[in-house]
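First the structure, in the form of structure tokens, and then the observations on it.
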Amino acid sequence: MTTVLTPASPLTAADRCDRCGAQAYLRVVLASGGELLFCAHHGRKFEPELKKIAVEIQDESGRLATTTASAVNDER
């Protein structure tokens, strides 16, 4: 049997951290078949342990470093 992995869909504002409920920027796919979602803070905090049990880590925390063009100067 061949297993085909499909690319994970991008995380959205509806995806929430399993630890604190903030917007998730990391999706951790577990060998057991489940997945965990983490905000950037908790993703960094638990990274060493997650790397031991994950088969894939989708990290979109780089999106936090960008500001949108529509933000007014007071929001930046």
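Because the structure is a prediction, the values reported are computed rather than measured. Residue numbers start at 1 and run along the sequence shown.
- For residues 40-49, the side chain to side chain donor-acceptor pair (under 3.5 Å) pairs, not counting sequence neighbours, are Glu47-Lys51.
- When every heavy atom of Cys17 is checked against every heavy atom of Cys20, the shortest pair comes out as SG-N, 3.5 Å.
- Residue pairs meeting the salt bridge (Lys or Arg N to Asp or Glu O under 4.0 Å) criterion with at least one partner in residues 16-28, sequence neighbours excluded, are Arg27-Glu35.
- Within the structure, the ring-ring contact (aromatic ring centres under 6.0 Å, His included) test picks out the following pairs touching residues 10-40 (sequence neighbours left out): Phe38-Phe46.
- Using a 4.5 Å heavy-atom cutoff, the side chains of Leu11 and Leu37 are in contact.
- The distance from atom CG of Asp15 to atom OG of Ser9, rounded to the nearest 0.5 Å, is 7.0 Å.
- With hydrophobic clusters built from ILVMFWY side chains whose heavy atoms lie under 4.5 angstrom apart, Ile53 shares a cluster with Ile57.
- Scanning all heavy atoms of the two residues, the minimum distance from Leu26 to Ser61 falls at CD1-CB, 4.5 Å.
- Glu60 and Gln58 share a donor-acceptor pair across their side chains, judged by distance under 3.5 Å alone.
- With sequence neighbours excluded, no residue satisfies salt bridge (Lys or Arg N to Asp or Glu O under 4.0 Å) with Lys52.
- Considering only residues two or more places apart in sequence or on other chains, Ser32 meets the side-chain contact (heavy atoms from CB on, under 4.5 Å) condition with Leu30.
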